[in-house]
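One structure is given below, encoded as structure tokens.
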Amino acid sequence: MNKLLAIDTSSSACSVAVRNYNQIVDEFILAPQDHIRRLLSMIDRLLVSSGLHVGALDGIIFSAGPGSFTGLRICLGTVQGLAFGSDIPVIPISTMLACAQTGVRTKNIAAQSLVVPCFDARMGEVYWSTFENQQNQTLLRQDSDKVTSMGAVIVRVEQLIETGSFQQVHLIGDGWGLLDDEALSSLNRKHENLTIDAAVYPQARDLLILAEEYLKYNEPVSALEAEPHYVRNEVSWKKREKIRS
């Protein structure tokens, strides 16, 4: 697949990338609650600048979650609308994996490092997962995508630090901005090369990288088969029902 469109609106950021063979163009902007107004114009600009139209695409990649419920629905609706009419195959990528890949690229994360993306999921919870950046700059997943309390994330990170031999520990994503001072101090004492960067968000450019790896082991899906990965969808609805009653 040489002509690809990648979209991520799973967080406060809105990000689009287009690859036309070896040429890649992308846009990234922090736009809380403004994705629906910005997304289509970003896609149009990048397709035009790449000399492509939707019907010429070999595939569309999207960040499937976990993440913002509204953001994931906007992304999936856009992807299905673009892909269905032209029968374009679709490639879903984990938001946590995408964020980890963005961190590796933008923060020059060393090999044999632990990378822990974490995002605010509201309701006193966070979305997170854990990865090891390997020698060949590919990410080895340590945990499935989860939604838990911040306390559970800290326990898991401490466990991995104690049992692993990581060169560095990188905690990325806006969920880490929720740490209190005591928890922050505790984590800093666990590893001498631990850094926290709450300003890292998944970027669509990295979905292009991850799609290549995905296609080694998986087939793309049709637009109708594409689904978001909410993680806590049923739990969320139960909580809302309790609030209403």
With side-chain contact (heavy atoms from CB on, under 4.5 Å) as the criterion, how do Leu208 and Ile61 come out once you've worked through the C-alpha distance, each side chain's angles and the decisive distance to 0.1 Å? CA-CA 7 Å; Leu208 297 171; Ile61 312 158; 3.7 Å; yes
Decide yes or no on side-chain contact (heavy atoms from CB on, under 4.5 Å) for Arg73 and Leu76, but give the supporting numbers first. CA-CA 5 Å; Arg73 286 196 296 268; Leu76 181 60; 5.9 Å; no
Decide yes or no on side-chain contact (heavy atoms from CB on, under 4.5 Å) for Phe131 and Leu140, but give the supporting numbers first. CA-CA 5 Å; Phe131 303 87; Leu140 177 64; over 6 Å; no
Give the intermediate values and the outcome of salt bridge (Lys or Arg N to Asp or Glu O under 4.0 Å) for residues Glu212 and Arg19. CA-CA 12 Å; Glu212 294 181 9; Arg19 187 179 82 189; 2.8 Å; yes
Going through the checks in order, is the side-chain contact (heavy atoms from CB on, under 4.5 Å) test met by Glu125 and Met150? CA-CA 6 Å; Glu125 295 178 321; Met150 177 58 79; over 6 Å; no
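Taking CZ of Phe28 as the reference point, atom CE of Met42 lies at 9.0 Å (rounded to 0.5 Å). Thr70 contributes atom OG1, which lies 9.5 Å from atom CD1 of Ile36 (distance to the nearest 0.5 angstrom). In this structure, CD in Glu192 is found 15.5 Å from CZ in Arg189, a value given to the nearest 0.5 Å. Between atom CG of residue Leu184 and atom CD1 of residue Ile196 there is a gap of 4.5 Å, rounded to the nearest 0.5 Å.
No side-chain heavy atom of Val18 sits less than 4.5 Å from a side-chain heavy atom of Leu4. Two residues are said to be in side-chain contact when any heavy atoms from C-beta on lie closer than 4.5 Å; Gln203 and Arg105 meet this criterion. Within the 4.5 Å cutoff, the side chain of Leu210 has no heavy atoms near those of the Glu213 side chain. Residues Tyr201 and Thr102 have side chains not in contact (no heavy-atom distance under 4.5 Å, counting atoms from C-beta outward). The side-chain heavy atoms of Gln101 and Ile209, taken from C-beta on, include a pair separated by under 4.5 Å. Here the side chains of Leu39 and Cys14 are in contact, with some heavy-atom distance below 4.5 Å. In this structure, Phe119 and Cys99 have side chains that are in contact, with non-hydrogen atoms separated by less than 4.5 Å. A 4.5 Å side-chain heavy-atom check between Ser10 and Ser68 finds every atom pair outside the cut-off.
Look at Asp143 and Arg141 and you find no salt bridge, because none of the NZ, NE, NH1 or NH2 atoms lies under 4.0 Å from a carboxylate O. Remark: Glu27 does not engage Arg205 in a salt bridge, criterion side-chain N to carboxylate O under 4.0 Å.
Under the side chain to side chain donor-acceptor pair (under 3.5 Å) criterion, the residue pairs touching residues 53-67 are Asp8-Ser63, Ser63-Thr95, with sequence neighbours excluded.
Closest heavy-atom contact between His35 and Ser11: NE2-O, 2.9 Å. Minimum interatomic distance between Val25 and Ser50 (heavy atoms only, all atoms of both residues): CG2-OG, 3.2 Å. Nearest approach of Gly71 to Thr9, heavy atoms of both residues: O-OG1, 2.7 Å. The shortest heavy-atom contact between Ala121 and Val147 is CB-CG2, 4.1 Å.
For Arg156 and Gln142, the side-chain atoms include no donor-acceptor pair closer than 3.5 Å. Checked by atom type, the side-chain pair Asn133/Ser113 shows no donor-acceptor distance below 3.5 Å.
No more than 12 heavy atoms of other residues, nucleotides or ligands shown are found within 6.0 angstrom of CG on Asp181. Within 6.0 Å of CG on Leu52 lie more than 12 heavy atoms contributed by other residues, nucleotides or ligands. When the shell of 6.0 Å around CG of Asn22 is examined, it contains 12 or fewer heavy atoms from other residues, nucleotides or ligands.
Both Val221 and Phe62 are assigned to one and the same hydrophobic cluster, defined by single-linkage of ILVMFWY side chains at heavy-atom distances under 4.5 Å. By the rule that hydrophobic residues join a cluster once side-chain heavy atoms approach within less than 4.5 Å of another member, Met1 and Ile60 end up as members of separate clusters. Hydrophobic cluster membership differs between Tyr127 and Leu114, with clusters built from Ile, Leu, Val, Met, Phe, Trp and Tyr side chains linked at under 4.5 angstrom. The hydrophobic cluster containing Leu139 also contains Ile93, counting ILVMFWY residues as joined when their side-chain heavy atoms lie under 4.5 angstrom apart, directly or transitively. Residues Val54 and Leu207 do not share a hydrophobic cluster, clusters being chains of Ile/Leu/Val/Met/Phe/Trp/Tyr side chains in contact below 4.5 Å.
Listed for the Trp176 side chain is a donor-acceptor partner under 3.5 Å among the backbone atoms of Val116. At least one donor-acceptor pair closer than 3.5 Å links the side chain of Ser15 to the backbone N or O of Ala204. Listed for the Glu225 side chain is a donor-acceptor partner under 3.5 Å among the backbone atoms of Ser222. A distance-only check finds no donor-acceptor pair linking the side chain of Asn20 to the backbone of Gln23 [under 3.5 Å]. Side-chain N or O atoms of Ser186 include none that pairs as donor or acceptor with a backbone N or O of Glu182 at under 3.5 Å. With Asp26 contributing its side chain and Val16 its backbone, the two residues share no donor-acceptor pair below 3.5 Å. Side-chain atoms of His229 never come within 3.5 Å of backbone atoms of Asp145 as a donor-acceptor pair (strictly under, hydrogens ignored).
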Kindly list each side-chain donor-acceptor pair under 3.5 angstrom involving residues 163-173, sequence neighbours excluded, with atom names and distances?
residue, atom, partner, partner atom, Å
Thr163, OG1, Gln159, O, 2.9
Gln168, OE1, Ala110, N, 3.4
Gln168, OE1, His170, NE2, 2.7
His170, ND1, Thr195, OG1, 3.0

What side-chain donor-acceptor pairs closer than 3.5 Å can you find for residues 78-91, not counting sequence neighbours?
residue, atom, partner, partner atom, Å
Thr78, OG1, Ile74, O, 2.8
Gln80, NE2, Ala223, O, 2.9

